[in-house]
Amino acid sequence: QLAVAESGGGLVHPGGSLSLSCAASGLSLENYAIGWFRQVPGKEREGVSCISNSYDQTFYADSVKGRATIKRDDTKETVHLEINSLKSEDTGIYYCAAGIPPHHAMCGNFTSWGPGVQVTVST
């Protein structure tokens with residue numbers, strides 16, 4: 001059974017950069033789409049980015065478009081998310097999730113979720 005776990009959270013200054021990793025265990029990530037989500041207390045969980053399980057198609061939410069890069073490293077069974085020019089609004093708990101999307105969908109059907117890591121953007 002596939003399990004994923006995040007790493008790389010912490011305190012970052014506004015304008016700085018953040019690098020998060022989603023590592024897999026149990027099964028290969030090769031056939032799974034990987035999504036990154038974030039949640040702030042009192043707000044709905046927001047989909048930040050995802051990378052498909054075929055052709056590595058990528059999606060970015062408007063809130064991070066132009067500032068974020070998601071990439072897959074199948075050799076290490078890891079997916080990385082980098083966000084630059086961080087803002088206080090990027091603060092939240094970041095989760096990665098793995099799933100096999102429905103036919104013709106790029107991402108979706110996320111069934112394996114990590115425990116999440118806290119990211120705080122503050123001076």
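Values in this document were obtained by computation on a predicted structure and should not be read as measured data. Note that these values count all heavy atoms, side chains included, but never hydrogens, waters or copies made by symmetry.
One distance of note links CG of L27 with CD of E77; it measures 9.0 Å at 0.5 Å rounding. Rounded to the nearest 0.5 angstrom, I51 CD1 and L81 CG are separated by 10.5 Å. Here CD of Q1 is found 10.0 Å from OG of S25. Values are rounded to the nearest 0.5 Å. Between the NE2 atom in H80 and the CH2 atom in W36 there is a gap of 9.5 Å [rounded to 0.5 Å]. A distance of 14.5 Å separates SG of C22 from OH of Y94, quoted to the nearest 0.5 Å.
For S17 against L86, the heavy-atom pair with the smallest separation is C-CD1, 3.6 Å. Considering every non-hydrogen atom in both I100 and N31, the closest pair reads CG1-O, 3.7 Å. Taking all atoms of both residues into account, the shortest heavy-atom contact from T91 to Q118 is CG2-NE2, 4.1 Å. Taking all atoms of both residues into account, the shortest heavy-atom contact from P115 to Y95 is O-CE2, 3.4 Å. Residues G8 and L18 come closest through the heavy atom pair O-CD1, 3.7 Å. The two residues I34 and A98 come nearest to each other via the heavy atoms CD1-CB, 3.5 Å.
Judged purely by atom type and a 3.5 angstrom limit, R72 has no side-chain atom pairing as donor or acceptor with the backbone of A33. Side-chain atoms of H13 come within 3.5 Å of backbone N or O of S122 as a donor-acceptor pair. Between the side chain of E82 and the backbone N or O of T69 there is no donor-acceptor pair closer than 3.5 Å. Here the side chain of Y32 pairs no donor or acceptor atom with the backbone of A97 at under 3.5 angstrom. The main-chain N or O of L2 is found under 3.5 Å from a side-chain atom of S112 such that the two form a donor-acceptor pair. Judged purely by atom type and a 3.5 angstrom limit, R67 has no side-chain atom pairing as donor or acceptor with the backbone of I83.
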task = Take F59 and I70 through the side-chain contact (heavy atoms from CB on, under 4.5 Å) test and state the conclusion after the steps.
result = CA-CA 9 Å; F59 162 83; I70 186 171; over 6 Å; no

key: Test side-chain contact (heavy atoms from CB on, under 4.5 Å) applied to V79 and V4, step by step   = CA-CA 10 Å; V79 171; V4 295; over 6 Å; no

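Each of E89, E6, E46 was checked for a salt bridge (charged side-chain N to carboxylate O under 4.0 Å, His left out) with R38, and the lone residue meeting it is E46. Applying side-chain contact (heavy atoms from CB on, under 4.5 Å) to T78 and the options S7, C96, S21 leaves one that passes, S21.
Linking ILVMFWY side-chain heavy atoms closer than 4.5 Å, directly or via other members, places M106 and Y60 in two distinct hydrophobic clusters.
Under the 4.0 Å criterion applied to side-chain N and carboxylate O atoms, K87 and D90 are not assigned as salt-bridge partners.
Note: F37 and W113 have tilted aromatic rings, judged against thresholds of 30 and 60 degrees for the angle between ring planes.
In the displayed structure, K43 atom NZ is contacted under 6.0 Å by at most 12 heavy atoms of other residues, nucleotides or ligands.
Considering only heavy atoms from C-beta on, P101 stays 4.5 Å or farther from N109 through its side chain.
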